[in-house]
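Here is the structure we will look at, set down as structure tokens.
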Amino acid sequence: MDSIVVKGGTPLNGKIQIAGAKNAALALMPATLLSEEPLTLTNAPRLSDIKTMTQLLQSLGVEVTSMQNGKVQVLSSHDMTSTTADYEIVRKMRASNLVLGPLLARHHQAVVSLPGGCAIGARPMDLHVSGLEAMGAQIELKDGYLHAVAKGGLKGARVPLRFASVGATENILMAATLAKGTTVIENAAREPEIVDLARCLRSMGAQIDGEGTSTITIDGVDRLGAATHPVVTDRIELGTYMLAPVFAGGEVECLGGRLDLIEAFVEKLDAAGVDVSETPDGLLVKRRNDRARAVDVTTEVFPGFPTDLQAQMMAMLCTADGTSILEEKIFENRFMHAPELIRMGANIEVQGGTATVNGVERLKGARVMATDLRASASLVLAGLAAEGETVVSRVYHLDRGYEHIEEKLSAVGAQIERVSE
Ligand code: UD1
């Protein structure tokens, strides 16, 4: 199994190209199931989660052609062979559940295993299920699989969400494009990935209004057609690399970065003493002083501070001047990076959904491992600032969401390499 070895203390200077968003691509790819005609995605990220979604779609009979070394994906659902998403693939990645809405919408049936994914909390699917039921689907849980049918097709409905779930909004949005009549999603998620999905669906011929707000209205159409769509920039990869020069010093320009994707995060960086400025090609980041200042952070749904940047921010605050309070409001079990950071010399106390971080002068390199994707990224970042060598194992978590993290960081001067053990 591979590990990432980081030697801390070298300032970073240069440019890092930010990829297309993993979480956008994982919703855009199943959108192909809504149409017989091809969907072409450009600016696709090259990640193991994308390979998993490719395998899942292929198991349903979707033809997936990868071009330009994976940056362009052409998907065709012309000759579908199955409407069953098998446990063996779904268990690897929770986003596999995003085939449910499109399969029901076009084929009026779907059998989808309940997902696995990151070990960061319960992550149920009740909102997906109740939303699709409101649209006329009958859904039963048998042997770990959701068995869904919509005799005569889905019907438009009012779908109020108890919580603005990203996945539930995506599933219902896709399903509603081919339903009879009008669907209104209330308390819809507003994440940029939802906006990106709505734009792609509109290019395919869907009638959608209000994406990016809490109310999305969809007028169902009879069929969707072909489209070509560029995947939006990955705001979580962006935020992760924006933190790199805060750990290591120096000045890094994140190419493709946009402030509107990441405003709440940039506000916290500013309060911590980090300068972020817009350039013609992206965002330029450098810290104002040798040491960042403590800030309090609460994770929220968009446009609030993203839960997917909480681990990386916590790692940064470990060496900030003062005490920071981090509150995790989206997932109930998302501080698994804290014990690993403590092994590197951090002073963190976790109580329920709140972590108190007392900044120390320096972290020290150690052997660490993480049990989820963003936690792994936080340990690599911590290694950039730590004294000595940090070895991060279980790199397969990182490969789910970061394209060659070691290449991108070493290109700006980090001492980092991947080793096979
Ligand atoms: C997506 C992102 C993930 C991110 C998360 C929150 C993808 C592929 N993944 O995950 O990286 O961390 O949004 O920004 O886009 N919930 C329910 N019932 C449901 C669905 C969700 O109670 O039916 C709860 C979950 O347990 C969780 C919260 O809602 O506490 C947020 O989940 P959700 O927004 O659905 O996240 P995902 O779509 O799984």
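This chain uses plain numbering: 1 for the first residue, then up along the sequence. For ligands, and for the atoms within them, numbers begin at 1 and follow the listed sequence.
- Contact atoms of ligand 1 toward Asp308: 3 (C), 4 (C), 11 (O), 12 (O) (distance under 4.0 Å to a heavy atom of the residue).
- There is a side-chain donor-acceptor pair under 3.5 Å between Asp2 and Ser420.
- By the 4.5 Å heavy-atom criterion applied to side chains, Arg94 and Met125 are counted as neighbours.
- Of the polar atoms of Thr307, none of the N or O atoms is found under 3.5 Å from an N or O of ligand 1, judged by distance alone.
- Remark: distances from the non-hydrogen atoms of Lys22 to ligand 1 are all 4.0 Å or more.
- Considering backbone and side-chain atoms alike, Glu170 places every N or O at 3.5 Å or more from each N or O of ligand 1.
- Looking at Ala95 against ligand 1, only its side chain comes within 4.0 Å, counting heavy atoms.
- Checked by distance only, ligand 1 and Val166 come closer than 3.5 Å through their nitrogen or oxygen atoms.
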Glu37 vs Arg223, test: salt bridge (Lys or Arg N to Asp or Glu O under 4.0 Å). Steps then yes/no. CA-CA 10 Å; Glu37 292 179 43; Arg223 57 181 296 282; 2.4 Å; yes
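- Compare Ser130, Pro124, Ala189, Ala27 by their heavy atoms: the one nearest to atom 20 (C) of ligand 1 is in Pro124.
- Looking at Leu255 and Tyr241, their side chains never come closer than 4.5 Å, going by heavy atoms from C-beta outward.
- Taking the charged nitrogens against the carboxylate oxygens, Glu193 and Arg235 do have a contact shorter than 4.0 Å, which makes a salt bridge.
- Summarising the local packing, CD of Glu63 is surrounded by 12 or fewer heavy atoms from other residues, nucleotides or ligands at distances under 6.0 Å.
- Note on Lys22 versus Glu237: no salt bridge recorded, every NZ/NE/NH1/NH2 to OD/OE distance being 4.0 Å or above.
- When the options Ile330, Leu98, Asp372, Val301 are ranked by their closest heavy atom to atom 27 (C) of ligand 1, first place goes to Ile330.
- Between Glu193 and ligand 1 there is no heavy-atom distance shorter than 4.0 Å.
- In terms of polar-atom proximity, Phe331 is not counted as a contact of ligand 1, lacking any N or O under 3.5 Å from an N or O of the ligand.
- Remark: of the listed residues Gln310, Arg334, Glu328, Glu328 is the sole one forming a side chain to side chain donor-acceptor pair (under 3.5 Å) with Thr299.
- Between Glu191 and ligand 1, no pair of N/O atoms sits closer than 3.5 Å.
- Heavy-atom proximity to Gly167, at under 4.0 Å, picks out these atoms of ligand 1: 35 (O), 38 (O).
- For ligand 1, the atoms lying closer than 4.0 Å to a non-hydrogen atom of Arg94 are 20 (C), 39 (O).
- Under the 4.0 angstrom criterion for non-hydrogen atoms, Arg334 is in contact with ligand 1.
- Using a 4.0 Å cut-off between charged nitrogen and carboxylate oxygen, Arg162 and Asp126 count as a salt-bridge pair.
- Between Leu39 and Met204 the shortest side-chain heavy-atom distance falls below 4.5 Å.
- In terms of polar-atom proximity, Phe163 is not counted as a contact of ligand 1, lacking any N or O under 3.5 Å from an N or O of the ligand.
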